[in-house]
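Note that the structure is predicted; figures quoted are calculated from it, not measured. Only heavy atoms go into these numbers, but all of them, side chains included; no hydrogens, no water, no symmetry mates.
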Amino acid sequence: MKPLVAVVALLIAGAAASEPAIDDDALKAALQKGTVKVDGLERHLGPPEIPDGAFARACKNWTLTDAQVLSFFKKATAISPDEMRSSYSVLPCQYSGAITIAGTHYQFSINIGRFGFIRGATPQDVSLFGCEDACKELFRFVAEGT
């Protein structure tokens, strides 16, 4: 199993086995109150290593800002592990970092496949979020030569 797929599989398995890291309603309320802050943001290509090509260039041209991370979670809806497996593509291109929600620290990741997760203190504390049409502007990238 490829490392990225293995990590996502572990997160999904953990999400099915425990309480979510944060409830969708609590997240939306914190976003509305302005008590959510992105503490770090970094783009990751892979694993596995992406060979240089069209997809690698597209991923390198995809950018998310702190404000766009907040926008993703504001527009996204909570999804189940089954929805994640059946409706979203896991691609080796994502942003991840730290986020503080109402004073509590979490880790997050947003995959270019239009889904994301927020992880609590343990790998089993995971909340999954998906955002198809409402977030499509966040998943556009500037193609080379345009």
Item checked: Separation of Ile22 CD1 from Ile118 CD1 (nearest 0.5 Å) -> 6.0 Å
Notebook entry, point to check: Would you call Asp82 and Arg85 a salt bridge, taking side-chain N to carboxylate O under 4.0 Å as the test?
Noted result: yes
Check: Is the backbone of Val90 close enough, under 3.5 Å, to the side chain of Asn111 for a donor and an acceptor to pair up by distance?
Finding: no
Check: Sequence neighbours excluded, which residues qualify as salt bridge (Lys or Arg N to Asp or Glu O under 4.0 Å) partners of Asp66?
Finding: none
Check: Say you draw a straight line from CD of Gln94 to CG of Leu64; how long is it, rounded to the nearest 0.5 Å?
Finding: 11.0 Å
Notebook entry, point to check: Which disulfide (SG to SG under 2.5 Å) pairs, counting each pair once, include a residue from residues 99-134, with sequence neighbours left out?
Noted result: Cys131-Cys135
Next item on the list: Assess whether atom NZ of Lys28 is packed by more than 12 heavy atoms of other residues, nucleotides or ligands within 6.0 Å.
Entry: yes
Checklist line | Set of residues satisfying ring-ring contact (aromatic ring centres under 6.0 Å, His included) with respect to Phe73, sequence neighbours excluded | finding: Phe129
Next item on the list: Nearest 0.5 Å please: distance from the OG atom of Ser87 over to the CD1 atom of Ile79.
Entry: 7.5 Å
Margin query: List the residues meeting side chain to side chain donor-acceptor pair (under 3.5 Å) with Lys37, not counting sequence neighbours, and say none if there are none.
Written below: none
Notebook entry, point to check: Quick one: ring-ring contact (aromatic ring centres under 6.0 Å, His included) partners of Tyr95, sequence neighbours excluded?
Noted result: Trp62
Checklist line | Test side chain to side chain donor-acceptor pair (under 3.5 Å) applied to Thr65 - qualifying residues, sequence neighbours left out | finding: Gln68
Next item on the list: Give, for atom CG of Leu27 and atom OG1 of Thr77, the distance between the pair rounded to the nearest 0.5 Å.
Entry: 11.5 Å
Notebook entry, point to check: In chain order, what residues pass the side chain to side chain donor-acceptor pair (under 3.5 Å) check against Thr122, with sequence neighbours excluded?
Noted result: Gln124, Asp125
Item checked: Atom pair CD1/CG of Ile99 and Leu41 - distance to nearest 0.5 Å -> 9.5 Å
Item checked: All side chain to side chain donor-acceptor pair (under 3.5 Å) counterparts of Ser109, not counting sequence neighbours -> none
Next item on the list: With sequence neighbours left out, write down each residue that passes side chain to side chain contact (heavy atoms under 4.5 Å, CB included) with Lys60, or none if nothing qualifies.
Entry: Leu45
Notebook entry, point to check: Looking only at heavy atoms, what is the nearest atom pair of Tyr88 and Glu83, with distance?
Noted result: CD1-O, 3.7 Å
Note to self: I'd like to check the side chain to side chain contact (heavy atoms under 4.5 Å, CB included) partners of Thr35; sequence neighbours left out, ordered by chain and number.
What the structure shows: Ala30, Lys33, Ala102
Note to self: Suppose we screen for salt bridge (Lys or Arg N to Asp or Glu O under 4.0 Å). Which residues come up paired with Glu137, at least two apart in sequence or across chains?
What the structure shows: Lys75
Notebook entry, point to check: Which atom names give the shortest non-hydrogen contact between Arg114 and Glu132, and what distance separates them?
Noted result: NH1-O, 3.4 Å
Next item on the list: Search all heavy atoms of Cys59 against all heavy atoms of His44 and return the closest pair with its distance.
Entry: SG-O, 4.4 Å
Checklist line | side chain to side chain donor-acceptor pair (under 3.5 Å) contacts touching residues 97-107 (sequence neighbours left out) | finding: Asp39-Thr100, Thr100-His105
